[in-house]
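Worksheet: one structure, shown below.
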Amino acid sequence: MKKIVFATHNSHKLEEIKDILGAEYEVLGLNDINCLEDIPETGDTLEENALLKARYVKEKYGYDCFADDTGLEVYALDNAPGVYSARYAGDSKDSLANMKKVLKELETKQDRRAQFRTIISLILGDKIYRFEGKIEGEVIEAGRGNTGFGYDPIFVPNGYSETFAELGSEIKNKISHRSLAVNKLKAFLL
């Protein structure tokens, strides 16, 4: 069984990835390799941040590694919050404050179209690969639902009438930006 590191401290994301990749790979999280520090995300794009995290693990710990970065891109806000999605309302990474800020900025806008985008950077040996997943939809005027995290209560994917937070994890994990990117990674690895 091949070992690969997923550059995350998030146990929910780690379990989701393990389920998708199955028995072919032993997927380790950052805690499993004793990487307890927060890896700086200083890039200006999702692509840069994903690669920064993967390179950090490869260079400091020597493992083949993949990392992701995800952002909500609202067209009427010039694709903001984008790369700053997690800390849009400040460094505290407060999801409720982030949603409120987006909703406030959209109050005078007619166009509420948006997309979630996930970038995965994979480093195998000395080669770098990139995978992208995105799903389009719109930002509604007030949050609905109580599953998921982040902007899920205010995002309705195209073709659905429920928010990600109302759809539940089973449906969301089949159609989401992250699952699309991870399935591309899986197809490449297996």
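Residues: numbered from 1 along the sequence shown.
- Under the 4.5 Å side-chain contact rule for hydrophobic residues, I119 and F188 do not share a cluster.
- If you run side-chain contact (heavy atoms from CB on, under 4.5 Å) between V5 and each of D32, L28, D64, only L28 comes through.
- For the pair I123 and R55, the minimum side-chain heavy-atom distance is below 4.5 Å.
- A salt bridge does not link E138 with R112: every distance from a Lys NZ or Arg NE/NH1/NH2 to an Asp or Glu carboxylate oxygen is 4.0 Å or more.
- Residues meeting the ring pair (Phe, Tyr, Trp, His ring centres under 6.0 Å) test with F66, sequence neighbours left out: F6.
- Once rounded to the nearest 0.5 Å, the distance linking CG of L185 with CZ of F131 reads 5.5 Å.
- Between K2 and E26, no side-chain nitrogen of the basic residue sits less than 4.0 Å from a carboxylate oxygen of the acidic one, so the salt-bridge criterion is not met.
- For S179 (side chain) and S176 (main-chain N/O), a donor-acceptor pair under 3.5 Å exists by modelled atom type.
- Other residues, nucleotides and ligands place no more than 12 heavy atoms under 6.0 Å from the NZ atom of K134.
- The hydrophobic cluster containing F116 also contains L96, counting ILVMFWY residues as joined when their side-chain heavy atoms lie under 4.5 angstrom apart, directly or transitively.
- In terms of modelled atom types and a separation under 3.5 Å, the side chain of T147 and the main chain of A165 share a donor-acceptor contact.
- The existence of a salt bridge linking E37 and K60 is confirmed by a sub-4.0 Å separation between a basic side-chain nitrogen and an acidic carboxylate oxygen.
- Y75 places none of its side-chain heavy atoms less than 4.5 Å from the side chain of K109.
- When side chains are defined from C-beta on, L14 counts as touching K18, because their heavy atoms get closer than 4.5 Å.
- L46 places none of its side-chain heavy atoms less than 4.5 Å from the side chain of E41.
- Ion pairing of D94 with R87 is absent here, as no side-chain N (NZ or NE/NH1/NH2) approaches a carboxylate O to less than 4.0 Å.
- At least one side-chain heavy atom of L122 sits under 4.5 Å from a side-chain heavy atom of L189.
- With hydrogens and angles ignored, the 3.5 Å screen pairs no side-chain donor or acceptor of T70 with any backbone N or O of T118.
- Under the ring pair (Phe, Tyr, Trp, His ring centres under 6.0 Å) criterion, Y84 pairs with no residue, sequence neighbours left out.
- Counting heavy atoms from C-beta outward, P81 and V102 have side chains that approach closer than 4.5 Å.
- Atom CG of L124 sits about 5.0 Å away from atom CD1 of I4, to the nearest 0.5 Å.
- Under a 4.0 Å N-O distance rule, the pair D111/R113 qualifies as a salt bridge.
- I171 and I135 end up in the same hydrophobic cluster when Ile, Leu, Val, Met, Phe, Trp and Tyr side chains are linked at under 4.5 Å.
- We find the CD-CG distance between E48 and D69 to be 10.5 Å, quoted to the nearest 0.5 Å.
- Put simply, the side chain of I154 reaches to within 4.5 Å of the side chain of L103, judged on heavy atoms.
- Inspection of the Y88 and E105 side chains reveals an N or O donor paired with an N or O acceptor under 3.5 Å.
- L21 CG to K186 NZ: the interatomic distance, rounded to the nearest 0.5 Å, is 7.0 Å.
- Annotation: the span from I39 atom CD1 to H9 atom NE2 amounts to 6.0 Å, rounded to 0.5 Å.
- Between the side chain of T163 and the backbone N or O of F155 there is no donor-acceptor pair closer than 3.5 Å.
- Looking only at side-chain heavy atoms (C-beta outward), Y151 and S95 stay at 4.5 Å or farther from each other.
- Rounding to the nearest 0.5 Å gives a distance of 9.5 Å between NZ of K184 and CD1 of I120.
- Both tests pass for K172 against the ring of F149: distance under 6.0 Å to the centre and angle within 45° of the axis.
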